[in-house]
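Fair warning: this is a prediction, and the values are worked out from it, not measured in the lab. Note that ligands are numbered from 1 as they come in the structure, with each ligand's atoms numbered from 1 the same way.
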Amino acid sequence: MEELRMGGLVNFYSDTVADILEEFRPQVVSFHFGLPEKALLARVKAWGATVLSTATTLEEALWLEANGVDGIIAQGLEAGGHRGMFLSQELGLQVSTYSLLQQILARVSLPVIATGGISDAKDVSAALSLGAAAVQVGTAYLLCDETNTSTLHRQAIKSNRSHKTVITNLFSGKPARGIVNRVIQELGPISELAPEFPHAATAITAIRQAAEAQGSSDFSPLWCGQNTIGCKEISAAELTLELARGVEV
Ligand SMILES: Cc1cc2nc3c(=O)[nH]c(=O)nc-3n(C[C@H](O)[C@H](O)[C@H](O)COP(=O)(O)O)c2cc1C
């Protein structure tokens, strides 16, 4: 909650969460999977918050612009964690970061934040050179001191299999990128057996917990993007300064 007082980033979807957040008046509210219904969005905007949401295709960016966001997060295919896709569930139409960024910049006049595979200062420079207003970085922070990345998750990121990531629906019901493990290999990354979002997470919990208790990440979601080159076991502040200091535009 201290982060919220300081105007940190939050993700949320419902009036219940808005009730809790209202007193903190976060300066930036970032949605994933599209936008909430109009009344809730209007409520958030009435706080004076800058509203962001994720686009994974040009169509989603145009839809977000038409529906009142202040900035668009262009999430490329490389990104770790859940894909923000909401207009189409066709994975084959998902686009890599720099292509998506350029497609959106050509058609949208809002600030665009590039995300997906941005791992070091050279990547930041490339995104800014192409016209991004800012970048958003996830995977590179996963080994930072402040994160709650589990020991098993850290081991997988530091292992020689961290370059093998896929988009899978097995752990939540929605497509998300993580490191390949046993359950992905045995069921296939995208399975019709996975219950709808978010119920797949509940469905896999028992076996996941049993495996984790034995030191195995065979059934755990190991969220991670394609580019782990920038993952460092340093503080998030140091990493942020490294990313910023090396920028050349
Ligand atoms: C472990 C992990 C958790 C994430 N959780 C969220 C989330 O809760 N909300 C969100 O909007 N994006 C989330 N993301 C996606 C990031 O916002 C961003 O799109 C992605 O990390 C960028 O690609 P990168 O991982 O290659 O840096 C998550 C990413 C990771 C790796």
Check whether any N or O atom of [X], backbone or side chain, sits under 3.5 Å from an N or O atom of ligand 1, and answer yes or no.
{"X": "T139", "answer": "yes"}
{"X": "A140", "answer": "no"}
{"X": "L142", "answer": "no"}
{"X": "Q136", "answer": "yes"}
{"X": "G117", "answer": "yes"}
{"X": "T54", "answer": "no"}
{"X": "H82", "answer": "no"}

### Message
For T115, state whether at least one heavy atom is located under 4.0 Å from any atom of ligand 1.
### Response
yes
### Query
For ligand 1, is G116 a contact, meaning one of its heavy atoms is under 4.0 Å away?
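Heavy atoms of G116 do come under 4.0 Å of ligand 1.
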State the [atom1]-[atom2] distance between [X] and [Y], to the nearest 0.5 angstrom.
{"X": "H153", "Y": "I179", "atom1": "NE2", "atom2": "CD1", "value": "5.5 Å"}
{"X": "D15", "Y": "E37", "atom1": "CG", "atom2": "CD", "value": "6.5 Å"}
{"X": "S162", "Y": "L142", "atom1": "OG", "atom2": "CG", "value": "11.0 Å"}

### Query
Between the side chains of R154 and T149, is a donor N or O closer than 3.5 angstrom to an acceptor N or O?
no
### Message
Can you confirm if the aromatic rings of F219 and F171 lie within a centre distance of less than 6.0 Å?
### Response
no
### Message
Using a 4.0 Å cutoff against the non-hydrogen atoms of Q75, which atoms of ligand 1 qualify?
### Response
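Going through ligand 1 atom by atom, the ones under 4.0 Å from Q75 are 19 (O).
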### Query
Which atoms of ligand 1 sit under 4.0 Å from any heavy atom of W223?
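Selected atoms, number and element: 1 (C).
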### Task
Verify the neighbour count for atom CD1 of I207: are there more than 12 heavy atoms of other residues, nucleotides or ligands below 6.0 Å?
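No, CD1 of I207 has 12 or fewer neighbouring heavy atoms, counting only those of other groups under 6.0 Å.
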### Query
Minimum heavy-atom separation for A127 to V135, with atom names?
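For A127 and V135, the tightest heavy-atom pair comes out as CB-CG1, 3.7 Å.
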#### Entry: Stepwise ring-ring contact (aromatic ring centres under 6.0 Å, His included) check, H82 with W223
CA-CA 8 Å; H82 281 87; W223 302 139; 5.2 Å; yes
### Task
Would you indicate which of C224, G80, G138 comes nearest to atom 14 (N) of ligand 1 when only heavy atoms are counted?
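The option holding the nearest heavy atom is G80.
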